[in-house]
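Down below is the structure, laid out as structure tokens.
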Amino acid sequence: MPRSRTYLDHNATAPLLPAAKAAMWAALEQNGNASSVHAEGRAARALIETARIDVARLVGANPKSTFFTSGATEALNLALTPSLATSAEAKPFEMLFAAAGEHSAVLAGHKFAPENVEPIALTVSGTIDLSALDAALKKHAGRRIMLALQAANNETGVIQPVSEAAAAVHAAGGVLVCDAVQAAGKIDCNLAALGADILVLSAHKLGGPKGVGAICLATDHLRFTAPLLAGGGQERGVRAGTENVAAIAGFGAASNVIRPYCDEVRLAGLRDRLEAEVESLAGDAVFFGRRVSRLPNTSCFAFASLEAQVLLMLLDIEGVAVSSGSACSSGKVKPSHVLAAMGVSKDLAQGAIRISLGWNSTAEDVELFCQAFEKAVRTVRMRRLTQKQNVKSAA
Ligand code: PLP
């Protein structure tokens, strides 16, 4: 069957994996409410608990400390709470430190008052500036700190030094909340190796369905004192509301199979070939985060001479889906806060394009992208030339 579209926007959302779809269909055949004690209820409960084991395994978490939510946004809102308990005696968290390139779900700060949210600078490479983190920890010595740091950035793919940051925060008596939404499934992402206290996941970024995520706690000492949703005692009181069994089952199935699909060497090979082609077609391309460790699937670049929105539309017409900056902010023609935090000028950031490959990306996709890209660049240059000539002849 001929392929009509080339989808290279996996960081916005990944297509549903066949195993996830099959698990969801099967779960939809289950009528039971997982809280019911009869056979139907028990069958639904079994699907949820199997999925919990599968999701927890993906990140080396304890299933008993893994809770399902409606997505990463909800999980982050649950985590970013001053009253998160670490022990009976501990006082509430007083400040949230958030790396400047975090997702808006983090930067919003949730229950922390805006004056208690301190952004931590990024380096020009896109990693958290560890010396700025140290300085902030010294400045606020004696206060209880929660640091939010992504495992990898959604726009640039830059992998953050989470374990180093965790060591610094722990030495100061704080905790680290890691948004692993973009890293999980694409690279090794292990709660203990990261040194995070809390890890947040989203199913639809790793081939599961939209509208389901998870929050994993590193130790039994951590406890949520203020659930976001009050009501029934589902998810051991952490999240009230009847569970979305099909979505949870799809999340579990995707977690189970995603790693071999996203083979790092294969994806990095495709990404590197694409970047080489972009460079040969547009010599003035600037690649972001290329000098540090990046996710193997992500490429973010810009041209001073080409506007991303125009390029994006031309590529879309040619059947290629890519993004300009993060999905949550696409539609708004606003330069990315991530690139701004890396010191990229506003003009250059306006031209930023993000390509994100994934589990079903092939060499043919890269080839189709390159053909469409060449055509789009030619169109933009021709238009510009015509405009210049029109201005000249009107003068
Ligand atoms: N964190 C990151 C890094 C993301 O890329 C996203 C989604 O774009 C989120 C959090 C929010 O995830 P969800 O769509 O599950 O709420």
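The analysis underlying the following values was restricted to heavy atoms, covering all of them including side chains, and did not include hydrogens, waters or symmetry mates. Read the numbers this way: they start at 1 and go in the same order the structure lists the ligands and their atoms.
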Check your understanding: Counting heavy atoms only, which part of T73 comes closer than 4.0 Å to ligand 1: side chain, backbone, both or neither?
Key -> both
Point to revise | Closest to atom 13 (P) of ligand 1 among A72, G211, A12 (heavy-atom distance) | key: A72
Exercise for review: For S202, take its heavy atoms, then give the atoms of ligand 1 lying under 4.0 Å from any of them.
Suggested key: 13 (P), 15 (O)
Study note, to complete from the structure: Of V257, L58, V181, the one forming a side chain to side chain contact (heavy atoms under 4.5 Å, CB included) with L206 is L58
Check your understanding: Does the Q234 side chain pair with the main chain of E243, one donor and one acceptor, at a distance under 3.5 Å?
Key -> no
**Study point:** Ligand-side contact atoms (ligand 1) for residue partner G71, heavy atom cut-off under 4.0 Å
**Key:** 15 (O)
Review point. Is K210 touching ligand 1 with its side chain, its backbone, both, or neither, if touching means heavy atoms under 4.0 Å apart?
Key: neither
Review point. Do the side-chain N and O atoms of N11 and T298 include a donor-acceptor pair separated by under 3.5 angstrom?
Key: yes
Practice item. May I ask whether K205 places a heavy atom under 4.0 Å from ligand 1? Key: yes
Revision key, fill the gap. Nearest non-hydrogen contact to atom 6 (C) of ligand 1 from the set Q182, E155, H103 belongs to H103
Review point. Does the distance from a Lys or Arg side-chain N to an Asp or Glu carboxylate O, for R5 and D365, drop under 4.0 Å?
Key: no
Exercise for review: For Q150, take its heavy atoms, then give the atoms of ligand 1 lying under 4.0 Å from any of them.
Suggested key: 3 (C)
Exercise for review: Side-chain contact test, heavy atoms from C-beta onward, threshold under 4.5 Å: evaluate it for F67 versus L78 and give yes or no.
Suggested key: no
Check your understanding: Got an N/O contact under 3.5 Å between N11 and ligand 1?
Key -> no
Review point. Can you check whether K91's main-chain N or O pairs, donor with acceptor, with R144's side chain at less than 3.5 Å?
Key: yes
Practice item. Check if E74 has a non-hydrogen atom at a distance under 4.0 Å from any atom of ligand 1. Key: no
Exercise for review: Could you tell me which non-hydrogen atom of L281 sits nearest to which non-hydrogen atom of C370, and how far apart they are?
Suggested key: CD1-O, 4.0 Å
